[in-house]
Every structure is written in C-alpha cells, then in structure tokens.
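Notes for the one structure printed next.
Just the heavy atoms: all of them, side chains too, but no hydrogens, waters or symmetry mates, feed the values below.
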Amino acid sequence: MTSTHAELTKRHRAVLPDWLTLYYDQPIDLARGEGRHVWDAEGNRYLDFFGGILTTLTAHALPEVTAAVREQAGRVLHTSTLYLNRPMIELAERIAELSGINDPRVFFTTSGTEANDTALLLATAHRRSNQVLALRNSYHGRSFSALAVTGNRGWSPTSLSPVQTAFVHGTRRRGTPLADLPDERFAEACVADLEDVLGQLHGNVACLIAEPIQGVGGSSVVPDGLLARFKEVLDRHGILWISDEVQTGWGRTGEHFWGWQAHAGSGPPDVVTFAKGLGNGLSIGGVVARAEVMNSVGTNSISTFGGSPITAAGALANLDHLLRHNLQGNAARVGAVLRRQLEGAPDRAPAVVDVRGKGLMIGIELAHPDGTPAPDLATEVLEETRRGGVLIGRGGLDGNVLRIAPPLSLTEDEAHEGAAVVLAALEGVGRR
C-alpha cells in the first residue's frame, strides 16, 4: 500500500515546479502543531527547531492567535486598504512605537519578499537612483528586485535586474582573504571595502540593504557595530540604510528586539522591513520607514491583501503574547543554553568548523577535512535529525550550514532534547 507521504509527494511533483525545494529523501506533510512540536500526516511527532523557516515565532496553535483569527473571521475577512481597517491601524501603531525610527510610517505587505521589494521602491524613488548596495552572501526574497540584491548564487537564477547592485563585505570570512581577521580588523576591512566600492560608483547611490544576521546565508553574523560604522559612511553620501529584519526581528536574537540595535551607534535605520514571525504563520510582512522616505512615492497606491483584517488581528494577538511573556528574554536565556550544548559539536564531529548566531538563531557550518564546504554532510545530518524526531533547516552559500531557529517559547528541557539529537546526528554522520 502506498504511504500517505509517498502518494502526496507524487502528486506534488506532478503539478508544482521542479525548483520548489522539498526537504528529505522522503518528504513529509506536517499536518498538526502544538507548542514547539509538530506531527506529520503519518502520526510521527517532531520537535520543531526551524519554525517553518523562522516563522512560527511564539508557538504552534497559539490559542490567542487562533481566537483572534476566529473572531475576526466571524466579522469580515477582507476589505482592502481603500477602507479604514481597525486591526491594521492598531497593529501599525504598535509597530511604529516599537520600531525605534523617528516619525515612523508603516505599510503592510503579504511577505518578506514584498516588504523588501517595497523598501527598494521607496529608496530608489526617494533618492532618484537605481544604484543599490547589498552584502555578499545575502538573501532578500524571491521577487525580481529582491533577487537582484541577493548575493547568494544558490538563490539568484538570473543576472537581469531592475537595479544596479554592488556587493560589499559584511559577514563572509571563511574562504576569503579576510578569513583570519579578528572582529575589529574585519570591520575596518569592510568599511574600507565600502568606501572603495562607493568610489567606483556614480555618486547617487540609493541605499544599502543588509540583514543583521544572514538567515539563508547560514546564520552569518554581521559583527556588532559594523552597520553603525557603515551608516557613518552612508550618511556622508545621503545614502539610506534598509535593515532587513524579516528573520532577525521580534526578539529572535535575544539581546535586542531588532537585529539593527546591535549596530545602533549612529542611530536607527531609515527603513526596516519585517515579516515571518509577526504573523506566526499568517501571511503578513511590511515596511516601517521615516515619513519623509515613506511618503516619497508621489503616485496612487493600494494593497489588496496587505494588512488584511484577519492577518492584522492575528498578528496583533501574536505580538501582544510575545511582549507580555517576554519571549525575547526567553530567547536570550534558552538560546544560551542551546548554544552551550551545540558548541560541543566540534569535539564530537570534526566536520563542524563553526557554531554561530545569537539567541534562537544558530548556524552550524560543516566542511570536509580539506576545508571545502560539505553540503553532502549537511544533507545527511538533516535526514538523521528527522529520524531522531527533530526538524532543522539548511543554508549557507554552499548549502553546508545547519540552521536552528525554534519558536521563542522553547523550554530548557526542549533545548537539551533537541541539542542531543543534533549532536548525535553530527557524530553519527562523522563516523560514516
């Protein structure tokens, strides 16, 4: 008899694109979730250490979100931005207050990709320029313009672009001439690189877009303070700073509510983009920007689905829960417990060359004995952890980094449980 998963995989491949990635040799259908756990359609239970790509921020089936969605659905599902929308306005007020941006304005989208696309539109319109700076190893989404500022070859299928992008150093060390530099010297080299790149462009650059921690890039961390030093250079040229907080926002790093706050020496960004965790699985993203920048679009615009009543109501309930239960603080505390466990990985698996990240956003980089990236080993570990009852992700420029990002309500016991499975998988793959 054909299994549920095998039959569904066959149907998936018959009607969906070949490039739509599925994890595992035998893909699984996640049919139910509760807390930090999910169950597949064949009844297997997993500890979720990836949260649907850092999207289940608080917990699966959070009662407050479920209740808010149910209540709003009983009123009205959809109206569009052509009408006043109380849940959207209330959510925008909360985000504006939390943003740290001066005189903020908020615009809602349906995804992080669309949020970054909107931010690029705002910056290029405000500056009257299509020249953009981005970090190497970056990922900013799947739209035409977001791919144009993605510095990770594995996710950028075309060189065609609506903007002219120049990529600068900010995180990558292994495999580059910057590999052995300590943080301070690395930061100095990155600032010098930025200055050099600006000297080769035509003056009126629109913006720099940067993730404080590159999620798809393998939880690669921009050294604390570097983006503030970048901002000093940008400010001299009038260039805007866009902080892509799609994965680092809402307290995931533990130490701050936003990733950019580790780089706050020269003040906040001009634009912040967000998505994923805000909706806890509901399709919502957005942009918060200085009014001067947000209002620089001089034409009519609307959003059919951005900030819809049902997604805004659910996101507001999720944000209230996050703040009320100080899940940022839990990410810092339990993230430190998890990190301490995982930092023992190199002793048990020589293929582990780096354990990095902040809070509950951790990456484990794998390489072969000759130093070359080991995506094959990362794939094996992914399979082993699934067999052990834990779901993790994979990323990095070469697909050789394990990505660990559970919901922020993770308990210490669950951190120990998940780390034990990951370490055992690394050790087992290493022996083979």
Side-chain angles (χ1 to χ4, degrees), residues 116 119-120 123-124 126-127 129-141 145-156 159 161-248 259-260 262-273 356 395-398:
N116 284 330
L120 292 171
T124 55
H126 183 69
R127 291 281 291 159
S129 167
N130 73 336
Q131 291 188 116
V132 173
L133 300 168
L135 297 188
R136 302 182 188 195
N137 196 46
S138 58
Y139 175 81
H140 296 287
S145 68
L147 287 172
V149 294
T150 288
N152 185 319
R153 63 177 179 270
W155 294 90
S156 187
S159 62
S161 170
V163 293
Q164 295 179 349
T165 307
F167 293 97
V168 297
H169 280 290
T171 63
R172 283 201 71 227
R173 304 196 204 191
R174 281 183 53 78
T176 78
L178 308 179
D180 299 321
L181 296 181
D183 279 358
E184 180 57 31
R185 290 191 59 199
F186 177 76
E188 290 172 359
C190 290
V191 173
D193 177 59
L194 173 62
E195 296 269 22
D196 182 62
V197 169
L198 285 173
Q200 298 180 48
L201 299 177
H202 291 289
N204 187 30
V205 175
C207 63
L208 165 76
I209 184 168
E211 307 156 88
I213 301 177
Q214 295 175 326
V216 172
S219 301
S220 296
V221 182
V222 178
D224 286 359
L226 177 55
L227 294 177
R229 295 176 66 173
F230 275 10
K231 188 174 187 295
E232 293 174 1
V233 177
L234 301 177
D235 285 349
R236 292 203 305 268
H237 297 273
I239 300 169
L240 303 179
W241 170 23
I242 301 170
S243 186
D244 178 346
E245 301 277 353
V246 170
Q247 298 193 38
T248 52
W260 69 260
H263 309 267
S266 297
D270 301 285
V271 182
V272 168
T273 61
R356 57 179 177 255
L397 184 64
D398 297 286

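Taking all atoms of both residues into account, the shortest heavy-atom contact from A123 to I242 is CB-CD1, 4.1 Å. Smallest separation of non-hydrogen atoms from T273 and A119: CG2-CB, 3.6 Å. Of all the heavy atoms in P269 and W260, the pair that sits closest is CD-CD2, 3.3 Å. Summarising the geometry of D244 relative to P212, their closest heavy-atom pair is O-CD, 3.5 Å, with the distance given to 0.1 Å. Closest non-hydrogen pair, A189 versus L178, comes out as CB-CD2, 4.0 Å. A148 and S161 make their closest contact through CB-OG, 3.0 Å (heavy atoms, listed as atom of the first residue, atom of the second, distance).
Between the side chain of T165 and the backbone N or O of V132 there is no donor-acceptor pair closer than 3.5 Å. In this structure, H263 contributes its side chain and L226 its backbone to a donor-acceptor pair below 3.5 Å. Under a 3.5 Å cut-off, the side chain of S145 and the backbone N or O of P162 do not form any donor-acceptor pair. Here the side chain of S243 pairs no donor or acceptor atom with the backbone of E245 at under 3.5 angstrom. Remark: side-chain polar atoms of T124 are not paired, donor with acceptor, to backbone N or O of N130 under 3.5 angstrom. In this structure, the side chain of T176 engages the main chain of R173 through a donor-acceptor pair within 3.5 Å. At distances below 3.5 Å, not a single donor-acceptor pair connects side-chain atoms of T150 with backbone N or O atoms of N152. For D183 (side chain) and P223 (main-chain N/O), no donor-acceptor pair under 3.5 Å exists by modelled atom type.
Residues L201 and L133 are in side-chain contact: their nearest non-hydrogen atoms beyond the backbone lie under 4.5 Å apart. Between L227 and K231, every side-chain heavy-atom pair lies at or beyond the 4.5 Å cut-off. V168 places none of its side-chain heavy atoms less than 4.5 Å from the side chain of C190.
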### Task
Determine, stepwise, if the pair D193 / H169 fulfils side chain to side chain donor-acceptor pair (under 3.5 Å).
CA-CA 7 Å; D193 177 59; H169 280 290; 5.0 Å; no
### Task
Would you please test D270 and L234 for side chain to side chain contact (heavy atoms under 4.5 Å, CB included) and show each step?
CA-CA 11 Å; D270 301 285; L234 301 177; over 6 Å; no
### Query
Given H237 and V205, is the side chain to side chain contact (heavy atoms under 4.5 Å, CB included) satisfied, shown in steps?
CA-CA 8 Å; H237 297 273; V205 175; over 6 Å; no
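Contacts of F230 classified as ring pair (Phe, Tyr, Trp, His ring centres under 6.0 Å), with partners at least two apart in sequence or in another chain: none.
Annotation: the span from R136 atom CZ to S220 atom OG amounts to 14.0 Å, rounded to 0.5 Å. Taking NE2 of H126 as the reference point, atom CG of L240 lies at 5.0 Å (rounded to 0.5 Å). Atom CD1 of I239 and atom CD of Q131 lie 9.0 Å apart (nearest 0.5 Å).
Using a cut-off of 4.0 Å between Lys/Arg side-chain N and Asp/Glu carboxylate O, D224 and R229 are scored as not salt-bridged.
Pairs engaging residues 197-215 under the side chain to side chain donor-acceptor pair (under 3.5 Å) rule: R127-N204, N137-Q214, T171-Q214, D196-Q200 [sequence neighbours left out].
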